[in-house]
J.: 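Below you'll find the structure I mean.
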Amino acid sequence: MNIHIPTPLRTYTDKQETVSVDGATVAEGLAALTAAFPAMHQHLFTAEGKLRSFVNVYLNDDDVRYLPAKEDSPVASTDELTIIPSIAGGTPGIPCRLPGCCR
Amino acid sequence: MPLRIPQSLYSDLRAHGEETYPHECCGILLGKSDTETLTVHQLIRAGNTRTDSAHNRYHIAPQELIAAQRQARKSGLDIVGFYHSHPDHPAQWSSTDFAEAHWFGCAYVITSVDGDKTKGAAQITNSFLLTGTSEDDKAFLPQRIEFDSPASN
């Protein structure tokens, strides 16, 4: 399967935007990716081994979190995995104390 | 590292904020980056999925990000940044913006839009570069905006 890497994580894949790996499931594909590029692991997974909450993984057009088998979903060699960090934000609700914030 | 953007796209992202006022607008910037500059070549308007609190929150659906990434790939470009508006708030990043920022090396452009809750006018537009390598060392740095003539791919 091919795994598409988002801009900020290409630092850890030798600037490759698409990485081809072997694996029968989504989890195996991600394991193969982090085996090939170990520095990727901490950016995708928590210390407990769970996908970080802001990391979205899509199998073709489906969010893996909502697939019945989740990360154990089967993957064909022609399938595509896309890793995409979330984008969100907004105006301050209450003033905060972070340096440079809410000025 | 400055953000270089054609004047027409800069005007478009500011106009987007006026059109969605009093709600936040959001969008994706496609372009190229090198060690010196982030250059914007295309702008993609995105929908704000936070319809529950669109006046002070934004969220871009991952499907729109994936479509943008595919479009970028076809054009030989990358996702180099994002933009959103702050209705009736300063064009400064908020604690929410910071907590939700995960695209290292990308620009986060914020436009303040002031109005009377029915119609707003874009005021200040600032850009912030998300620096660092992880959630532990990330930081927003103010980023100079430079204008460029319309760029070709």
Side-chain angles (χ1 to χ4, degrees), chain A residues 2-13 15-19 37-47 51-67 79-103, chain B residues 24 26-28 33 46 48-50 53-70 72-73 78-82 84-106 108 110 112 128 130 133-136 139-142:
Chain A
N2 284 330
I3 303 181
H4 297 297
I5 310 297
T7 322
L9 293 181
R10 289 178 200 159
T11 302
Y12 309 106
T13 59
K15 302 195 182 302
Q16 296 178 69
E17 65 178 72
T18 301
V19 175
F37 304 101
M40 283 282 282
H41 193 273
Q42 64 167 319
H43 298 283
L44 300 182
F45 297 101
T46 64
L51 263 181
R52 291 186 180 275
S53 60
F54 56 82
V55 174
N56 301 292
V57 177
Y58 273 65
L59 174 56
N60 300 318
D61 291 320
D62 296 316
D63 188 335
V64 168
R65 288 192 177 94
Y66 297 106
L67 292 175
D79 282 334
E80 298 196 336
L81 277 187
T82 301
I83 297 169
I84 204 92
S86 63
I87 283 290
T91 55
I94 55 173
C96 63
R97 296 179 179 177
L98 288 171
C101 177
C102 305
R103 289 172 289 184
Chain B
E24 297 199 11
C26 49
I28 304 163
S33 65
N48 182 1
T49 68
R50 287 298 303 269
S53 189
H55 65 289
N56 66 358
R57 290 289 182 271
Y58 81 94
H59 172 263
I60 299 177
Q63 294 92 332
E64 286 202 74
L65 293 172
I66 290 172
Q69 192 160 275
R70 284 179 183 151
R73 204 157 50 234
D78 290 320
I79 293 175
V80 296
F82 307 90
H84 72 283
S85 61
H86 279 180
D88 298 313
H89 279 78
Q92 297 291 337
W93 56 272
S94 67
S95 56
T96 307
D97 291 329
F98 185 72
E100 301 282 0
H102 310 295
W103 286 71
F104 301 103
C106 287
Y108 285 72
I110 303 172
S112 58
F128 302 92
L130 184 65
T133 59
S134 72
E135 295 302 300
D136 297 327
F140 271 137
L141 295 184

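Residue numbering restarts at 1 for every chain, and letters A, B, ... go by the order of the sequence lines. For clarity, every value in this text was computed on a predicted model and none was experimentally measured.
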J.: Which heavy-atom pair separates B:Asp78 from A:Glu17 by the least distance, and what is that distance?
T.: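 Shortest heavy-atom contact: OD1-OE1, 4.4 Å.
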
J.: Are the side chain of A:Thr91 and the backbone N or O of B:His86 linked by a donor-acceptor pair below 3.5 Å?
T.: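 Between the backbone of B:His86 and the side chain of A:Thr91 there is no qualifying donor-acceptor contact (under 3.5 Å).
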
J.: Taking every non-hydrogen pair under 4.5 Å, which of B:His84, B:Gln63, B:Glu64 racks up the most with chain A?
T.: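 It is B:Gln63.
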
J.: Which atoms of B:Phe104 come close to chain A, meaning under 4.5 Å heavy atom to heavy atom: side chain ones, backbone ones, both, or neither?
T.: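 Backbone plus side chain of B:Phe104, per the 4.5 Å heavy-atom cut-off to chain A.
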
J.: Heavy-atom cut-off 4.5 Å, strictly under: side chain, backbone, both or neither for B:Phe140 against chain A?
T.: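 Neither part, no heavy atoms under 4.5 Å.
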
J.: Is chain B contacted by the side chain of A:Thr82, its backbone, both, or neither, given a heavy-atom distance below 4.5 Å?
T.: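 Answer is side chain: those atoms of A:Thr82 sit under 4.5 Å from chain B.
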
J.: Measuring from B:Ile79:CD1 to A:Ile87:CD1, what's the distance to the nearest 0.5 Å?
T.: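 The CD1 atom of A:Ile87 is 8.0 Å from CD1 of B:Ile79, to the nearest 0.5 Å.
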
J.: Return the OG to NE2 distance between A:Ser86 and B:His102, rounded to the nearest 0.5 Å.
T.: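 Output value for this atom pair is 4.0 Å.
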
J.: After noting the C-alpha distance and the side-chain angles of B:Arg70 and A:Asp61, does the key distance pass the salt bridge (charged side-chain N to carboxylate O under 4.0 Å, His left out) rule?
T.: CA-CA 12 Å; B:Arg70 284 179 183 151; A:Asp61 291 320; 3.2 Å; yes

J.: At their closest point, which heavy atom of A:Ala88 faces which heavy atom of B:His59, and how far apart are they?
T.: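 Nearest pair, atom of A:Ala88 first, then B:His59: CB-CD2, 3.9 Å.
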
J.: Return the minimal non-hydrogen interatomic distance between A:Pro85 and B:Leu65, and the atom names on each side.
T.: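 Smallest interatomic distance, heavy atoms only, reads O-CD1, 3.5 Å.
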
J.: Has B:Trp103 got a side-chain atom pairing as donor or acceptor with A:Pro8's backbone, closer than 3.5 angstrom?
T.: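 Not confirmed, B:Trp103 side chain does not pair with A:Pro8 backbone.
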
J.: Could you tell me the separation between the CG atom of A:Leu9 and the OG1 atom of B:Thr133, rounded to the nearest 0.5 Å?
T.: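 Reported to 0.5 Å precision, the distance equals 11.0 Å.
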
J.: Which atom pair, heavy atoms only, marks the closest approach of A:Ile84 to B:Pro62?
T.: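 Of all heavy-atom pairs spanning A:Ile84 and B:Pro62, the closest is CG2-CB, 4.1 Å.
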
